[in-house]
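Notes follow the structure.
Quick caveat: nothing in here was measured; it's all calculated off a predicted structure. Side chains included, hydrogens not; waters and symmetry mates left out as well; all remaining heavy atoms used.
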Amino acid sequence: MAIATCPDGHQSVATDYCDVCGSPMGAAVPETVAAALCPSCGSPSSGRFCEVCGFDSALPTPVARTPEAAPTEIVAVSGDSAATEVSSPGPGVPGAVAWVATITADREFYDRVQARKGPDADQVEFPAFYPERRITLRGTDILIGKHSVSQGLQPEIDLGIAPADAGVSRAHATIRIADTGITITDLGSTNGTSLNGSDDLIPVKVAVPLQSGDRIHLGGWTTIAITAEPI
């Protein structure tokens, strides 16, 4: 089996994105350029994610909104299996919430993985810097994994963005939002999925109920906090 080398020097079996850092294979090494200003907070930012506010520069530039001309967006609302159309911002719908996933590099979880010598523990390094990411969960089925052109995977929560957690599988788990609640299902990942600081892995291909505030641990250092926020 041929082993390729990514622009950062890592060896990778995959030919689309590096197995270690998630960088595109064959991409040219970027030239050093002056830091641009973050379109969200105005701070100098040389990478995709702002080091101050965490804004993703790949997303559309934020536009100031006024209550009179608030756009309509689709958000997943608990208590309704279908996506519900609401106006944002504006007066909240009583009892309605949007589910939000907050992704962080969890040092405590990483130390536990290293202590128990998981399958990929020797290949996983804790990142020097990982900006917190917030993703509003839209629709009913949200895939957690890594983008792969060859496998046709486009996860809603893409953990293949550098610095990538080498312990996360390409199709790791899925979150489902239904009228009966929200659940997490491990899809048969290499390193498994656990919840709320426990080292016990959840059963494979079994939907496990979640509550607002629950923490999902997967890979070698990734933790995703799930919260219900008023609309």
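Listed by chain and number, the residues in a side-chain hydrogen bond (donor to acceptor under 3.5 Å, both in side chains) with Ser198 amount to none (sequence neighbours excluded). With sequence neighbours excluded, the residues forming a side-chain contact (heavy atoms from CB on, under 4.5 Å) with Glu156 are Ile142, Leu143, listed by chain and number. With sequence neighbours left out, the side-chain hydrogen bond (donor to acceptor under 3.5 Å, both in side chains) criterion links Asp199 to Arg112, Arg116. Residues meeting the side-chain contact (heavy atoms from CB on, under 4.5 Å) test with Thr223, sequence neighbours left out: Thr104, Asp106, Phe109, Arg215, His217. By the side-chain hydrogen bond (donor to acceptor under 3.5 Å, both in side chains) test, Asn191 is found to be paired with Asp120, residues two or more places apart in sequence or in another chain being considered. In this view, Pro203 and Val206, Val208 satisfy the side-chain contact (heavy atoms from CB on, under 4.5 Å) rule, not counting sequence neighbours. Considering only residues two or more places apart in sequence or on other chains, Gln114 meets the side-chain contact (heavy atoms from CB on, under 4.5 Å) condition with Tyr110, Ala121, Val124. Not counting sequence neighbours, the partners of Ser189 by the side-chain hydrogen bond (donor to acceptor under 3.5 Å, both in side chains) test are His172, Asp186.
In the hydrophobic clustering (ILVMFWY side chains linked at under 4.5 Å, chained through shared members), Val204 stands by itself.
Side-chain heavy atoms closer than 4.5 Å link hydrophobic residues (I, L, V, M, F, W, Y) into clusters, and following such links, possibly through other members, connects Leu218 to Leu195. Clustering ILVMFWY residues whenever any of their side-chain heavy atoms sit less than 4.5 angstrom apart, transitively, puts Leu159 in a cluster other than the one holding Leu187. Residues Leu153 and Ile224 do not share a hydrophobic cluster, defined by chaining ILVMFWY side chains whose heavy atoms lie under 4.5 Å apart. Both Ile184 and Val97 are assigned to one and the same hydrophobic cluster, defined by single-linkage of ILVMFWY side chains at heavy-atom distances under 4.5 Å. A continuous path of hydrophobic side-chain contacts links Tyr130 to Ile135 [ILVMFWY only; heavy atoms under 4.5 Å].
Checked by atom type and distance alone, the side chain of Trp221 pairs as donor or acceptor with a backbone atom of Glu125 at under 3.5 Å. Put simply, the side chain of Asp214 never gets that close to the backbone of Ile226: no donor and acceptor are under 3.5 Å apart.
Val168 places a side-chain heavy atom less than 4.5 Å from the side chain of Lys146. In this structure, the side chains of Ile182 and Trp99 come closer than 4.5 Å at one or more pairs of heavy atoms. Between Phe129 and Pro163 there is no side-chain heavy-atom pair separated by less than 4.5 Å. Contact of the Thr193 side chain with the Leu201 side chain is not registered, since no non-hydrogen atoms from C-beta on lie closer than 4.5 Å.
Checked by atom type, the side-chain pair Asp141/Thr174 shows no donor-acceptor distance below 3.5 Å.
The two atoms that bring Ala228 and Ser212 nearest to each other are N-OG, 2.9 Å, heavy atoms only.
Among residues at least two apart or in separate chains, salt bridge (charged side-chain N to carboxylate O under 4.0 Å, His left out) pairs with a member in residues 217-231 are Arg134-Glu229. Applying the ring pair (Phe, Tyr, Trp, His ring centres under 6.0 Å) test to every pair with at least one member in residues 183-204, sequence neighbours left out, gives no pairs at all. For the salt bridge (charged side-chain N to carboxylate O under 4.0 Å, His left out) condition, no pair includes a residue of residues 188-198, sequence neighbours left out.
Atoms CG and CD1, on Leu137 and Ile175 in that order, are 5.5 Å from each other to the nearest 0.5 Å. Atoms CD1 and CD1, on Ile216 and Ile144 in that order, are 5.0 Å from each other to the nearest 0.5 Å.
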